[in-house]
Q: 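Please read through the structure below; I'll follow up with questions.
Computed from a prediction, not measured in an experiment: that's the story for all the values here.
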Amino acid sequence: MTPEQKKFLNIFILGIAFMFMFTAFQTCGNVAQTVIASLNSTEFHGSGYTSMAIIYGVFSASNLIAPSVVALIGCQLSMFFSGIFYSAYIAMFIQPFTWSFYTLSVLIGIAAAVLWTAQGTCLTLNSDDKTIGRNSGIFWALLQFSMLFGNLYIYVAWKGEASISERDRRTVFIALTVISLVGTVLFFLIRTPTSNISQLNEEEDASSDILEENLFSQSKGSKAVEAFVKSLKLSITKEMLLLSVSMAYTGFELTFYSGVFGTCIGSINSFGADAKSLIGLSGIFVGLGEVLGGAVFGLLSKNSRFGRNPVFLLGLVVHFLAFYLIFLSVPNDAPIASGDGTYSRAFIDPSKVLALFCSFLLGLGDSCFNTQLLSILGTLYSDDSAPAFAIFRFVQSICAAVAFFYSNYLLLQWQLLIMVLFGLFGTISFFFVEWGVVSLDPQETRYGSI
């Protein structure tokens, strides 16, 4: 097997591992608010929105130290230990307690920062300028298959259920915990690319004469500090500040498609007994949009003549169409309705087909934004991939935390308005950065070397 084939295999394994983990976690997040609303135990007092706000809030702060953790223990162990915390959070729903619910929300926020920083580093190590777009698309498509399988089970198992029984809840979350653990173990199949090992060996041989003199500077501790300093320096560069607006939008829309929209569908009483099972079906259609987008844009990246801007613009158009249709058909109080749901009416009667079509559009648009952001970061900051991806997740997660917090209070129309504004300005800022990339010679496109 050639070095390039080994790198491609690593990307494939990375995508499969994330697919298993997030089959469990995304399904968990999608149904958490609905499950909690159906809990009969008076000892449990929690909110799915609040939990996700804590997760993404801690996630955002932890991205400041995530590059240091990855520098200390490496990509593989970083992803493995993070996966353990993801599995623990999911397992908590088997027998939920308020204290464990919020404690694990904090811990998984830390784990998420380390996981995604390590993922970005692994993606960059196994890619080059010619393959980063393809690999980003392949990884994203594999990851988003996670939206299909768990939600399909939810749709079948909860079809016709007006509320979620304790037996149904435990069955679902035991299965999701096992699936998450399988993905966690798969990280051990990823191997450091041969070319990277050879380069490291050459560097070690060349520096053997002065190794002892530089022992302290080459220690793991100093590498961790260096990674932290790079993150701070990188965050104030012109390109990163512009891209931060785009990253912020992905945080707001992530909250909407992964938690809020499913809750809206489940609270519409005019959908009848199918309302709860439609949450799972909505997640499936989000996943179909994600997979289609990741696969298509991964293939299109082989011909980069038009750059990334057309794909990013397509994502904006698709999302704006989805927001308009949701505004017309979904009641304004749906995101904050009680466990009894809502009988309110929007401008047109709610439609199951329209709700699922909007779910598909949300997934397709999200894949446009994320594949292009992964690609441009891998190109601009190939020499500093861990800090760059940490900043991406920092901005995305802090905006997701804010969005999950205000989802407890804001009506649907105001949530949609926030996303429209950030989507518009985020696309404009992305255009400026991409125009800067294509105007330079590919060999000079290295803003991230600090």
Side-chain angles (χ1 to χ4, degrees), residues 15-39 41 44 46-49 51-52 54-56 59 79-97 100-109 111-112 115-116 142-159 161 163-187 254 257-259 261-263 265-266 276-288 290-291 363 404:
I16 293 295
F18 269 71
M19 181 189 73
F20 274 97
M21 275 187 57
F22 283 87
T23 289
F25 182 70
Q26 288 184 337
T27 304
C28 174
N30 205 22
V31 303
Q33 185 69 9
T34 302
V35 167
I36 290 170
S38 299
L39 285 174
S41 173
F44 184 85
S47 165
Y49 286 153
S51 171
M52 298 304 286
I54 292 172
I55 289 173
Y56 282 100
F59 182 10
M79 292 188 288
F80 173 76
F81 287 118
S82 298
I84 295 297
F85 284 107
Y86 270 79
S87 302
Y89 177 81
I90 297 165
M92 179 277 307
F93 281 92
I94 299 172
Q95 184 57 56
F97 296 98
S100 61
F101 181 48
Y102 288 125
T103 299
L104 283 166
S105 296
V106 173
L107 294 177
I108 200 175
L115 176 73
W116 284 104
L142 289 172
L143 168 63
Q144 297 307 327
F145 268 109
S146 63
M147 297 292 292
L148 305 181
F149 305 124
N151 286 299
L152 178 61
Y153 176 78
I154 294 297
Y155 172 68
V156 174
W158 292 0
K159 188 174 179 61
E161 296 287 341
S163 62
I164 311 305
S165 68
E166 181 177 346
R167 178 181 177 183
D168 289 339
R169 186 192 74 241
R170 288 184 174 180
T171 301
V172 166
F173 285 100
I174 288 173
L176 294 181
T177 302
V178 173
I179 292 170
S180 178
L181 288 172
V182 170
T184 300
V185 172
L186 287 176
F187 287 129
L254 166 67
Y257 82 75
S258 66
F261 190 54
T263 301
I265 293 175
K276 297 296 185 289
S277 64
L278 278 174
I279 299 174
L281 199 56
S282 170
I284 292 172
F285 275 81
V286 171
L288 288 173
E290 296 275 15
V291 171
F404 273 113

Q: To the nearest 0.5 Å, tell me how far I90 CD1 sits from T23 OG1.
A: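 These two atoms lie 9.5 Å from each other.
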Q: What orientation do Y56 and F404 show, parallel under 30°, tilted 30 to 60°, or perpendicular over 60°?
A: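 Plane angle under 30°, so parallel.
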Q: Which side-chain hydrogen bond (donor to acceptor under 3.5 Å, both in side chains) pairs, counting each pair once, include a residue from residues 173-185, with sequence neighbours left out?
A: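 Every side-chain hydrogen bond (donor to acceptor under 3.5 Å, both in side chains) pair that includes a residue of residues 173-185, provided the two are not neighbours, is S87-S180.
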Q: As an exercise, state the distance from CD1 of I174 to CD1 of I94, rounded to the nearest 0.5 Å.
A: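 The distance works out to 4.5 Å.
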Q: List the atom of Y86, the atom of A112, and the distance in Å for their closest heavy-atom pair.
A: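 What the structure gives for the nearest pair is OH-CB, 3.1 Å.
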Q: Taking only residues two or more places apart in sequence or in another chain, which ones pass side chain to side chain contact (heavy atoms under 4.5 Å, CB included) with V106?
A: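 Listed in chain order: I54, V58.
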Q: Could you list the residues that satisfy ring pair (Phe, Tyr, Trp, His ring centres under 6.0 Å) with F187, not counting sequence neighbours?
A: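 Here the qualifying residues are F18.
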Q: Residues in side-chain hydrogen bond (donor to acceptor under 3.5 Å, both in side chains) with S82, at least two apart?
A: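 So S82 forms no side-chain hydrogen bond (donor to acceptor under 3.5 Å, both in side chains) with any residue.
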Q: Run the side-chain contact (heavy atoms from CB on, under 4.5 Å) check on E290 and F285 step by step: do they pass?
A: CA-CA 9 Å; E290 296 275 15; F285 275 81; over 6 Å; no
Q: Supply the atom-to-atom distance I108 CD1 to I84 CD1, rounded to the nearest 0.5 angstrom.
A: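 I108 CD1 to I84 CD1: 12.0 Å, rounded to 0.5 Å.
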Q: Could you check whether any side-chain N or O of T27 sits under 3.5 Å from a backbone N or O of A24, counting only pairs where one atom can act as donor and the other as acceptor?
A: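 No; zero donor-acceptor contacts below 3.5 Å.
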Q: Could you measure the distance from the CZ atom of F25 to the CZ atom of F22? Nearest 0.5 Å is fine.
A: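 Interatomic distance, F25 CZ to F22 CZ, rounded to 0.5 Å: 6.5 Å.
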Q: Between Q95 and F173, is there a side-chain heavy-atom distance shorter than 4.5 Å?
A: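 When only atoms from C-beta onward are counted, Q95 and F173 do not touch, as no gap falls below 4.5 Å.
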Q: Could you pull out all residues at least two apart from F101 that satisfy ring pair (Phe, Tyr, Trp, His ring centres under 6.0 Å)?
A: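 For F101, the residues satisfying ring pair (Phe, Tyr, Trp, His ring centres under 6.0 Å) (neighbours in sequence not counted) are F44, F93.
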Q: Residues two or more places apart in sequence or in another chain: which of them pass side-chain hydrogen bond (donor to acceptor under 3.5 Å, both in side chains) with S105?
A: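 If we apply the side-chain hydrogen bond (donor to acceptor under 3.5 Å, both in side chains) test to S105, skipping adjacent residues, the hits are S51.
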Q: Rounded at 0.5 Å granularity, tell me how far CD1 in I265 sits from CG in L281.
A: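 The distance works out to 8.5 Å.
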Q: Side chain to side chain contact (heavy atoms under 4.5 Å, CB included) with M21: which of L115, I179, L143, L186?
A: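 Option passing the side chain to side chain contact (heavy atoms under 4.5 Å, CB included) with M21: L115.
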Q: Look up atom CD1 in I284 and atom CG in L278, then write down how far apart they are to the nearest 0.5 Å.
A: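 With rounding to 0.5 Å, CD1 (I284) is 10.5 Å from CG (L278).
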